Peer 1: 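Here you go, one structure.
The sequence lines fix the lettering, A, B, ..., with proteins before strands; numbering per chain opens at 1. Computed from heavy atoms alone, side chains included, the values below leave out hydrogens, waters and symmetry copies. All values reported here derive from a predicted model rather than from experimental measurement.
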There are 2 protein chains.
Amino acid sequence: MAARAAVHAHTSHNHRACIDDALATARGLCAERGVQLTPLREKVLQIVWRSHKPMGAYEVLDELARSHKSARPPTVYRALDFLMAEGLIHKIESLNAYLGCIEAGAPHSGQFLICRQCGATEEIVDPRLETALEAAAGRAHFRPERKVVEISGLCARCGK
Amino acid sequence: MAARAAVHAHTSHNHRACIDDALATARGLCAERGVQLTPLREKVLQIVWRSHKPMGAYEVLDELARSHKSARPPTVYRALDFLMAEGLIHKIESLNAYLGCIEAGAPHSGQFLICRQCGATEEIVDPRLETALEAAAGRAHFRPERKVVEISGLCARCGK
DNA sequence: GACAGGACTGTTACGTTGTAACATCCGTCC
DNA sequence: GGACGGATGTTACAACGTAACAGTCCTGTC
Ligand SMILES: [Zn+2]
Ligand SMILES: [Zn+2]
Ligand SMILES: [Zn+2]
Ligand SMILES: [Zn+2]
């Protein structure tokens, strides 16, 4: 797998590299696992990765339909479901939208920082926060499986 | 404000007391703030509090319509929006459903433990987790405003 | 080569969740 | 009385998501 640059969603950067990296990683993981990253699924992944802003399913559909006339809601949702199952994208529950995963291959629920100003959403992988979540659940005698953490506010750039 | 029993959502308890307490607290807070907890809004709050399972807006609507023939989606969404604005209920984003707040009056984003087996959802107010969220955001130079924390899994009872 | 099975995609139709926009009602203030 | 602001009534629609069945394509088997 290609080395991953430490890019922050809200900063300007060579986003082409983000996309190429995500696609290469996805191809590698799917090959390893013996699942099919079909052209359709890859195209949807590419569309989701067009930016660091979570993208709604119908927005993906509109994009997809430009090159794929037969695209319908199930087309998109099936691809999104596949990509989520393989850990290649996340759903942002508070926005009903989807975002490329920056740590594909390492199973995890995402932790997200969503800028309400610019929309850029950064996935963080913070072991201390993960520990705190486990501990909080443990104190309540709860066995956690999926952890949704979505923090909205202002990113470094928009926060002045 | 009435003293609040430390009740866990998944355990059996005198739920009537939960409801009475929530309504009393709501009336007190709205009076203090000079906002109107109208009969309609109070009824919706009561319906949301019927259980410790998050309730969908259309489920609320069905209940409400039994006693309020003119109820329509906007009727319910306006009441839910008011109750959220006053911090009397929370929206559970991962379920598109609504839950009574156990700490009304103390402004906070909720932290929730959602049992996938029995559906009971417990709101926790865990200062250590809160601190960890703030710290994680801070390390990313992010200024948090709203924090969505929804942990799904098995509650103490369902986890065997 | 026929054929059964499985994975993927096409297609139609519908279910669920949420909102815009405008009308009406009602109490308060001048 | 008349203007206003807050709350509710009412219609229509937008946005998000899924069920169900049909077609395609590949592959393994006989
Ligand atoms: Zn990028
Ligand atoms: Zn991720
Ligand atoms: Zn209770
Ligand atoms: Zn609360």
Side-chain angles (χ1 to χ4, degrees), chain A residues 26-27 29-31 33-48 53-86 88-99 119 148 150, chain B residues 26-27 29-31 33-48 53-86 88-99 119 148 150:
Chain A
R27 282 190 280 256
L29 283 172
C30 289
R33 295 170 183 169
V35 297
Q36 306 181 47
L37 186 64
T38 61
L40 179 59
R41 289 164 173 175
E42 186 168 325
K43 180 71 183 171
V44 168
L45 181 58
Q46 205 174 80
I47 290 170
V48 169
K53 300 181 192 181
M55 195 173 215
Y58 278 68
E59 208 176 338
V60 173
L61 175 55
D62 288 344
E63 273 306 308
L64 181 61
R66 301 163 78 87
S67 63
H68 193 100
K69 295 299 181 196
S70 70
R72 295 284 180 280
T75 316
V76 167
Y77 280 103
R78 287 193 287 231
L80 292 173
D81 286 347
F82 170 85
L83 296 170
M84 280 195 286
E86 297 303 323
L88 301 172
I89 62 173
H90 294 286
K91 179 172 187 183
I92 307 298
E93 296 288 352
S94 56
L95 298 175
N96 294 321
Y98 303 83
L99 185 68
V148 173
E150 300 173 7
Chain B
R27 283 190 280 256
L29 284 173
C30 290
R33 294 170 183 169
V35 297
Q36 306 182 47
L37 186 63
T38 61
L40 179 59
R41 290 164 172 175
E42 185 169 326
K43 180 71 182 170
V44 168
L45 181 58
Q46 204 174 81
I47 289 170
V48 169
K53 300 180 192 181
M55 196 174 211
Y58 278 70
E59 209 177 335
V60 173
L61 175 55
D62 288 344
E63 272 307 308
L64 182 61
R66 302 163 77 88
S67 64
H68 194 100
K69 295 301 181 195
S70 71
R72 296 283 180 280
T75 316
V76 167
Y77 281 103
R78 288 194 286 229
L80 291 173
D81 287 347
F82 170 84
L83 295 170
M84 281 194 287
E86 296 304 323
L88 301 172
I89 63 173
H90 294 286
K91 179 172 187 184
I92 307 299
E93 297 289 352
S94 57
L95 298 175
N96 293 322
Y98 304 83
L99 185 68
V148 173
E150 299 174 8

Peer 1: Apply the test side chain to side chain contact (heavy atoms under 4.5 Å, CB included) to residues A/L29 and A/E86: give CA-CA distance (whole Å), side-chain angles for both, the deciding distance (0.1 Å), then the verdict.
Peer 2: CA-CA 8 Å; A/L29 283 172; A/E86 297 303 323; over 6 Å; no
Peer 1: Round to a whole Å and report the spacing from CE of B/M84 to C1' of C/dT19.
Peer 2: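 Between C1' of C/dT19 and CE of B/M84: 13 Å.
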Peer 1: To the nearest angstrom, how far is B/L37 atom CG from D/dG6 atom P?
Peer 2: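 Rounded to the whole Å, the gap is 17 Å.
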Peer 1: I'd like a table of atom pairs between the protein and nucleotides 24-30 of chain C - only N or O on both sides, under 3.5 Å - with the distance next to each one.
Peer 2:
none

Peer 1: Which nucleotides of nucleotides 7-13 of chain C have their base under 4.0 Å from a protein heavy atom (B), which only their sugar-phosphate (S), and which neither (-), written as one string 5' to 3'?
Peer 2: SSBBBB-
Peer 1: Nearest 0.5 Å, please: how far is OG1 in A/T75 from CG in A/L40?
Peer 2: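 So the CG of A/L40 and the OG1 of A/T75 are separated by 6.5 Å.
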Peer 1: Distance check, rounded to the nearest 0.5 Å: A/I89 atom CD1 versus A/M55 atom CE?
Peer 2: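 Between atom CD1 of A/I89 and atom CE of A/M55 there are 11.5 Å.
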Peer 1: Which atom pair, heavy atoms only, marks the closest approach of B/V76 to B/A57?
Peer 2: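 Smallest heavy-atom distance, with atoms named: CG1-O, 3.5 Å.
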Peer 1: Check whether any side-chain N or O of A/Y77 sits under 4.0 Å from OP1 or OP2 of C/dG15, and answer yes or no.
Peer 2: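 Looking at the OP1 and OP2 atoms of C/dG15, neither is under 4.0 Å from any side-chain N or O of A/Y77.
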Peer 1: Restricting to non-hydrogen atoms, name the atom on B/A97 and the atom on B/G56 that form the minimum distance, rounded to 0.1 Å.
Peer 2: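 Scanning both residues, the minimum pair turns out to be CB-N, 3.9 Å.
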Peer 1: Could you check how far CE of B/M55 sits from P of C/dT16, rounded to whole Å?
Peer 2: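 Whole-Å distance recorded here is 15 Å.
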Peer 1: Rounded to whole Å, please give me the gap between CG in B/D62 and P in C/dG15.
Peer 2: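 For the pair B/D62 CG and C/dG15 P, the rounded distance is 14 Å.
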Peer 1: For D/dG17, take OP1 and OP2 only and decide whether either is under 4.0 Å from a side-chain N or O of A/N96.
Peer 2: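 Yes, A/N96 has a side-chain N/O under 4.0 Å of OP1/OP2 on D/dG17.
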Peer 1: Between CZ of B/R27 and CG of B/L88, what distance do you get to the nearest 0.5 Å?
Peer 2: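 Interatomic distance, B/R27 CZ to B/L88 CG, rounded to 0.5 Å: 11.5 Å.
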Peer 1: When the distance from CG of B/D81 to P of D/dA7 is rounded to whole Å, what number comes out?
Peer 2: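 Spelled out: CG on B/D81 to P on D/dA7 is 13 Å.
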Peer 1: Tell me the closest heavy-atom pair linking A/E93 and B/S94, and the distance in Å.
Peer 2: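 For A/E93 and B/S94, the tightest heavy-atom pair comes out as OE1-CA, 3.6 Å.
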Peer 1: How close or far is atom P of D/dC16 from atom CD of A/E93, stated in whole angstroms?
Peer 2: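 After rounding, the gap between these two atoms is 13 Å.
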Peer 1: Is B/Y58 stacked against the base of C/dT17, taking the criterion as centroid distance under 5.5 angstrom and interplanar angle under 30°?
Peer 2: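 So yes, this residue stacks on that base, both cut-offs being met.
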Peer 1: Who pairs with B/K53 by side-chain contact (heavy atoms from CB on, under 4.5 Å), at least two apart in sequence or on another chain?
Peer 2: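 B/S51.
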Peer 1: Rounded to the nearest Å, what distance is computed from the CG atom of residue B/L61 to the P atom of nucleotide C/dG15?
Peer 2: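 Distance check: B/L61 CG to C/dG15 P gives 16 Å.
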Peer 1: Tell me the interatomic distance from B/E42, atom CD, to D/dA7, atom C1', rounded to whole angstroms.
Peer 2: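 One finds 16 Å between C1' of D/dA7 and CD of B/E42, rounded.
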Peer 1: What is the minimum heavy-atom distance between B/M84 and B/Y98, and which atoms define it?
Peer 2: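 Looking at all heavy atoms of both residues, the shortest contact is CE-CE2, 3.8 Å.
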